[in-house]
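Down below is the structure, laid out as structure tokens.
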Protein chains: 2
Amino acid sequence: MNEIRIGGLRFSLDLSQPLYEQVLEQVRSSIAKGEIALGEKIPSVREMAQALKINPNTVMRAYQELERERLTETRRGQGTFITTDAARVQEIRNKLAEQAVEQFLAKMESLGFGLKDIESMIRAKGGVSQ
Amino acid sequence: MNEIRIGGLRFSLDLSQPLYEQVLEQVRSSIAKGEIALGEKIPSVREMAQALKINPNTVMRAYQELERERLTETRRGQGTFITTDAARVQEIRNKLAEQAVEQFLAKMESLGFGLKDIESMIRAKGGVSQ
DNA sequence: TAAGTGTATTATATCACTTAATACACTTAA
DNA sequence: TTAAGTGTATTAAGTGATATAATACACTTA
């Protein structure tokens, strides 16, 4: 539970993956899930770096990718804000989900599992709500 | 379609992932799927390296991991052979599938998707046989 | 004007991965 | 016995991604 809370966001970083990627994915998930409101300001690069105890450049790298995906808008001198474009958020959310599904099905297929197997395994594991 | 065939195995390598990991996973999948018979010999380290145009050390790394997982048995001077332990193969196959399912569900949950959503997306994508 | 933003640059360090070149122990077949 | 083919170990080197550090600049706001 190495969880860090800052500006309405939750982070837990480890060494299993590049830091910038973890920051990117966790902010992105928060946006996709609607845990952080559209138009809201997220912590500044320096603030985030200090809170997560990582280098500002590493945070920058994550923030720049978020902007490239148009999930955030950055205003020089003001800060970084979640986009107000709800459609864009849904677009990204669906794209990421599709990628996850494809990748998952490919993996399962490579192990020789069929659709029926996969469905029953998911139902068995299903600790997911709804 | 950068596919390479050697000793009943199919490989397609790229730069998106460590080479030794790709070799490992692709041999492992072939075993799990039963595409290569139990007890069968797989190409020698040097032979495989030459065919895939990679370094013998890189192949070694993959082969050693396969042996650690007890999916292969190596006999000095003779070669590397698929295990004859069918139960072990199923064990690994199921373990990998469980991991894939867990990781997938975690990812989907992080995007705010529930079980129903997931099931319908899988049915929609389902290009998998059976 | 001062403090807080995003941004860019240069340098350095570390680590995983890969290749290369050799060498050794073992097995098998000629 | 010998030669060729196995797995295995070692040492060295190069490369690229990642992360840090230090600094500077442009912009905005109070």
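Small disclaimer: the values here were computed from a predicted structure and weren't measured. Lettering follows sequence order; numbering is per chain, from 1.
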Evaluation steps, salt bridge (Lys or Arg N to Asp or Glu O under 4.0 Å), between B:Glu98 and A:Lys125: CA-CA 9 Å; B:Glu98 272 189 32; A:Lys125 279 279 173 192; 3.7 Å; yes
Any side-chain donor near an acceptor of the partner, B:Thr83 and B:Asp85, under 3.5 Å: no
Contact under 4.0 Å: A:Thr74 side-chain N or O vs C:dT5 OP1/OP2: no
Distance in angstrom units between B:Tyr63 OH and D:dA9 P, rounded: 16 Å
Side chain to side chain contact (heavy atoms under 4.5 Å, CB included) between A:Glu65 and A:Glu21, worked out: CA-CA 9 Å; A:Glu65 177 59 22; A:Glu21 221 168 280; over 6 Å; no
Atom of A:Gly79, atom of A:Lys41 and distance for their closest heavy-atom approach: CA-CE, 4.2 Å
Whether over 12 other heavy atoms sit under 6.0 Å from B:Gln103 CD: no
Distance, rounded to the nearest Å, where A:Arg68 contributes CZ and C:dG6 contributes P: 16 Å
Shortest non-hydrogen contact from B:Leu24 toward B:Ala62: N-CB, 3.8 Å
Whole angstrom value for the distance that separates P of C:dA16 from CG of B:Leu19: 17 Å
Separation of D:dT8 C1' from B:Glu73 CD (nearest whole Å): 18 Å
Residues A:Arg123, B:Glu119: salt bridge by 4.0 Å N-O rule: yes
Integer-rounded Å distance: D:dT6 C1' and B:Met48 CE: 14 Å
Under-4.0 Å side-chain N/O to phosphate OP1/OP2 contact, B:Gln64 with D:dA9: yes
More than 12 heavy atoms from other groups under 6.0 Å of CD on B:Gln50: no
A:Glu65 CD to C:dG6 C1', straight-line distance once rounded to whole Å: 17 Å
Which atom of A:Gln26 lies closest to which atom of A:Arg10, heavy atoms considered: OE1-O, 3.8 Å
Presence of salt bridge, B:Glu91 and B:Arg70, under 4.0 angstrom: no
D:dT18 phosphate, OP1 or OP2, under 4.0 Å from A:Tyr20 side-chain N/O: yes
Contact residues, residues 53-62 of chain A to DNA chain C [heavy atom, < 4.0 Å]: A:Asn57, A:Met60
Heavy-atom pair with the smallest gap, counting every atom of B:Ile6 and B:Ala51: CD1-CB, 3.4 Å
Give each protein N/O atom lying under 3.5 Å from an N/O atom of nucleotides 23-28 of chain C, with the pair distance.
none

d(CG, A:Asp14; C1', D:dT18) in whole Å: 15 Å
Short side-chain N/O contact to D:dT6 OP1/OP2 from B:Ser44, under 4.0 Å: yes
A:Leu13 to A:Gln22 - nearest heavy-atom pair and separation: CA-OE1, 3.3 Å
Bracket string, DNA chain D, 5' to 3' - pairs by Watson-Crick or G-U geometry under 3.5 Å, | interstrand: ||||||||||||||||||||||||||||||
A:Leu15 CG to D:dA17 P, straight-line distance once rounded to whole Å: 20 Å
